[in-house]
Amino acid sequence: MAPRFAFGSRVSYSPPPRPRHAPGSSKDLTKMRMSQYFLPTLKETPAEAQIVSHRLMLRAGLIRQTSAGIYAWLPLGLRVLRNIERIVREEQDASGAQEVLMPTIQSADLWRESGRYDAYGPEMLRIKDRHEREMLYGPTNEEMITVLFRDGVKSYRDLPRNLYHIQWKFRDEVRPRFGVMRGREFLMKDNYSFDIDKEGARRSYNKMFVAYLRTFARMGLKAIPMRADTGPIGGDLSHEFIVLADTGESAVFCHRGLVDKDILSREIDYDSDLQPIVNEWTSLYAATDEMHDKAAFEKIPEGDRLAARGIEVGHIFYFGTKYSAPMNAIVTGPNGDSVNVEMGSYGIGVSRLVGGIIEASHDEAGIVWPETVAPFKVALLNLKPDDATVSAACQKLYDALGASGQVLYDDRDLRPGAKFADMDLIGIPWQVIVGPKGLVAGKAEVKNRKTGQREELAFDDVVPRLA
RNA sequence: CGGGGCGUAGCGCAGUCUGGUAGCGCGUCUGCCUUGGGCGCAGAAGGUCGUCGGUUCAAAUCCGGCCGCCCCGACCA
């Protein structure tokens with residue numbers, strides 16, 4: 001029973017780059033055995049799923065549909081969702097925004113104040129409570145946050161403020177589709193900035209602009225900010241962040257140079273003037289279909305023109321006093337006069353991102369998770385679980401990998417082929433493969449899901465390699 | 001909201017035209033076998049045929065209402 005090799009005591013590795021405990025949980029979730037995991041994978045594609053991310057999310061056991069455009073998140077999918085949330089939260093906090101949590105259910109009266117209750121139309125899910133009071137399931141939170149702010153802040157000295165929350169929303173889409181990318185119920189990060197004047201609002205806007213660049217980059221996405229329609233307010237303070245993917249919902253046009261720009265290698269000081277960074281990203285042409293300026297696009301050298309399709313994953317928007325005026329969100333200015341606060345709102349489609357990332361990162365065999373959002377960093381495959389020696393070796397690796405990161409262990413009594421297929425499908429970035437063949441030489445195979453590259457490593461070297 | 005399609009076992013589907021004891025593949029369960037890319041053999045379980053009504057000796061099949069889901073378009077984070 002005792003393994004013919006020893007490792008563990010000599011192993012050293014750097015501290016884990018990620019928290020060992022899943023956010024919101026006290027239970028150690030760095031290790032999971034597939035024999036105990038609720039992970040219903042599908043060999044065949046359910047008929048209702050058309051696009052690749054939807055198919056893969058169903059097949060890989062991430063979600064199940066419960067109604068049109070409404071989904072339940074299974075353990076593996078929830079881990080991805082939480083990872084995305086975590087990155088969003090970290091970048092919001094870093095930018096100086098503060099987290100709150102507003103309810104999903106709102107009162108109709110609140111929306112009557114802004115005049116949007118009648119204006120919003122059938123996309124708003126309207127409900128009544130037992131007293132026949134009109135309520136609604138929030139599609140967004142401008143009204144609510146404006147009231148919270150109005151009641152809590154009275155002086156320009158308390159500005160600026162930027163409040164965000166990550167909460168489920170509901171929009172009763174006429175035609176939900178594309179799985180979680182256009183569901184009716186969706187998880188969204190939205191925040192709202194409050195400033196005393198337009199210049200302040202622009203600073204707040206710029207912070208979000210940079211925070212968004214960082215947020216999407218950390219998820220392994222190429223998200224390009226594109227000038228968006230500002231409607232009656234005008235100006236240049238509205239951008240959609242678009243992920244390029246062949247299956248994108250809309251046509252987009254941009255300068256190729258934007259694709260390779262890197263934000264993560266820079267030090268960002270949110271107290272400094274961020275305008276130069278914003279200029280750097282907005283000076284190159286980029287527009288969605290609706291905003292496309294053919295003439296401007298054709299001024300770009302032909303080799304640098306990029307016409308592609310994209311998925312909107314974020315939207316930032318300055319809207320001035322659109323809500324603060326009708327809802328009387330007023331502060332006293334430095335001169336003692338009353339000023340309507342200047343507001344902006346900023347959204348990230350958190351649940352949509354799960355689909356968006358898959359659209360941007362998959363292959364024939366399944367999902368290819370970027371490491372930062374992957375449900376587990378490492379998969380451990382035991383190719384012969386009823387062989388005591390193989391299993392003992394796996395158990396040691398399992399414990400060591402779990403101590404340094406996050407590992408999903410396939411200890412099921414299945415044929416190797418089934419395990420390979422499942423692991424490729426669910427897309428864990430690293431696979432550690434242990435079977436009788438390699439064991440004779442004291443080696444495990446480490447496979448990179450994305451590149452397919454394989455390395456034979458001595459058992460002792462596996463954990464340091466993946467640290 | 002306009003146009004189209006679908007609803008039969010957990011998943012993928014046949015059967016409906018031409019009414020007559022509900023089938024196939026995968027998955028699941030049991031046993032054997034096998035173990036480096038969804039292996040093989042034997043056996044088994046599992047279905048109010050979306051739902052309500054009508055026609056008929058007899059309805060998955062024909063007729064009507066309703067419900068649900070998907071696709072194209074218009075719309076949208």
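First the proteins, then the strands, lettered A, B, ... as listed; each starts at 1.
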Under 3.5 Å, is there any donor-acceptor pair linking the side chain of [X] to the base of [N]?
X: A:Arg454; N: B:G37; answer: yes
X: A:Arg415; N: B:U35; answer: no
X: A:Arg182; N: B:C76; answer: yes

Look at all strands and tell whether [X] reaches a base, only sugar-phosphate, or nothing, counting heavy atoms closer than 4.0 Å.
X: A:Gly438; answer: base
X: A:Lys447; answer: base
X: A:Gln50; answer: sugar-phosphate
X: A:Gly435; answer: base
X: A:Ala421; answer: base
X: A:Asp386; answer: base
X: A:Ser67; answer: sugar-phosphate
X: A:Asp387; answer: nothing
X: A:Arg64; answer: nothing
X: A:Gly183; answer: base

Original post:
So, A:Arg150 and A:Glu113, do they make that salt bridge, N to O below 4.0 Å?
Top reply: yes
**OP:** Using a cut-off of strictly less than 4.0 Å, decide whether A:Gln65 has a side-chain nitrogen or oxygen near OP1 or OP2 of B:G68.
**Re:** no
Original post:
Hey, does the side chain of A:Lys43 come within less than 4.0 Å of B:G27's phosphate (OP1/OP2), counting only N and O?
Top reply: yes
With the side chain of [X] defined as its heavy atoms from C-beta on, choose the nearest nucleotide among [options].
X: A:Val174; options: B:C1, B:G37, B:G38; answer: B:C1
X: A:Asp422; options: B:G73, B:G38, B:C76; answer: B:G38
X: A:Ile433; options: B:C75, B:G36, B:C39; answer: B:G36

Integer-rounded Å distance: [N] [atom2] and [X] [atom1]:
X: A:Arg412; N: B:C39; atom1: CZ; atom2: C1'; result: 16 Å
X: A:Leu383; N: B:C39; atom1: CG; atom2: P; result: 15 Å
X: A:Leu425; N: B:G38; atom1: CG; atom2: P; result: 15 Å
X: A:Glu123; N: B:C75; atom1: CD; atom2: P; result: 12 Å
X: A:Lys419; N: B:U35; atom1: NZ; atom2: P; result: 14 Å
X: A:Arg175; N: B:A74; atom1: CZ; atom2: P; result: 10 Å
X: A:Ile70; N: B:C69; atom1: CD1; atom2: C1'; result: 13 Å
X: A:Gln431; N: B:G36; atom1: CD; atom2: C1'; result: 12 Å

In Watson-Crick or G-U wobble terms, both distances under 3.5 Å, what is the partner of [N]?
N: B:A14; value: none
N: B:C66; value: B:G50
N: B:G37; value: none
N: B:G2; value: B:C72
N: B:A44; value: B:U28

Given [X], which of [options] fulfils the side chain to side chain contact (heavy atoms under 4.5 Å, CB included) condition?
X: A:Val252; options: A:Leu306, A:Ile242, A:Asp289; answer: A:Ile242
X: A:Leu244; options: A:Leu258, A:Ile311, A:Val259; answer: A:Val259
X: A:Ser204; options: A:Tyr318, A:Tyr192, A:Tyr346, A:Phe209; answer: A:Tyr346

If I pick the [atom1] atom on [M] and the same atom on [N], what distance separates them, to the nearest angstrom?
N: B:C67; M: B:G53; atom1: C1'; value: 14 Å
N: B:C62; M: B:G46; atom1: P; value: 29 Å
N: B:G4; M: B:A22; atom1: P; value: 34 Å
N: B:G27; M: B:A44; atom1: C1'; value: 14 Å
N: B:U16; M: B:C63; atom1: P; value: 14 Å
N: B:A58; M: B:C39; atom1: C1'; value: 46 Å
N: B:G31; M: B:G12; atom1: C1'; value: 28 Å
N: B:C66; M: B:G2; atom1: P; value: 14 Å

**OP:** With A:Arg352 as the cation and A:Phe186 as the aromatic partner, state whether NZ or CZ is under 6.0 Å from the six-membered ring centre and within 45° of the axis.
**Re:** no
Subject >> Within 45° cone and under 6.0 Å: A:Arg116 NZ/CZ vs A:Tyr323 ring >> reply: no
Original post:
Restricting to pairs with a member in residues 92-112 of chain A, which pass salt bridge (charged side-chain N to carboxylate O under 4.0 Å, His left out), not counting sequence neighbours?
Top reply: A:Arg89-A:Glu99, A:Asp109-A:Arg112, A:Arg112-A:Glu134
**OP:** Enumerate the residue pairs fulfilling salt bridge (charged side-chain N to carboxylate O under 4.0 Å, His left out) with a member in residues 183-195 of chain A, sequence neighbours excluded, ordered by first and then second residue.
**Re:** A:Lys169-A:Asp190, A:Asp172-A:Arg184
**OP:** Any chance you could list the contact pattern along nucleotides 4-13 of chain B? Use B for base contacts, S for sugar-phosphate-only contacts and - for none, protein heavy atoms under 4.0 Å, 5' to 3'.
**Re:** -------BSS
Original post:
Considering residues at least two apart in sequence or located in another chain, which fulfil the salt bridge (charged side-chain N to carboxylate O under 4.0 Å, His left out) criterion with A:Arg454?
Top reply: A:Glu445
**OP:** Only counting residues at least two apart or in another chain, list the ones meeting salt bridge (charged side-chain N to carboxylate O under 4.0 Å, His left out) with A:Asp293.
**Re:** none
**OP:** Let me know, please, whether A:Pro436 or A:Met188 comes out on the 5' side of the other along RNA chain B by nearest nucleotide.
**Re:** A:Pro436
Original post:
Between A:Val313 and A:Phe420, who's closer to the 5' end of RNA chain B by nearest nucleotide?
Top reply: A:Phe420
**OP:** Give a yes/no verdict on base stacking between B:A77 and A:Phe186: centres under 5.5 Å, planes within less than 30° of parallel.
**Re:** yes
Original post:
By ring-ring contact (aromatic ring centres under 6.0 Å, His included), which residues pair with A:Phe194, not counting sequence neighbours?
Top reply: A:Phe149
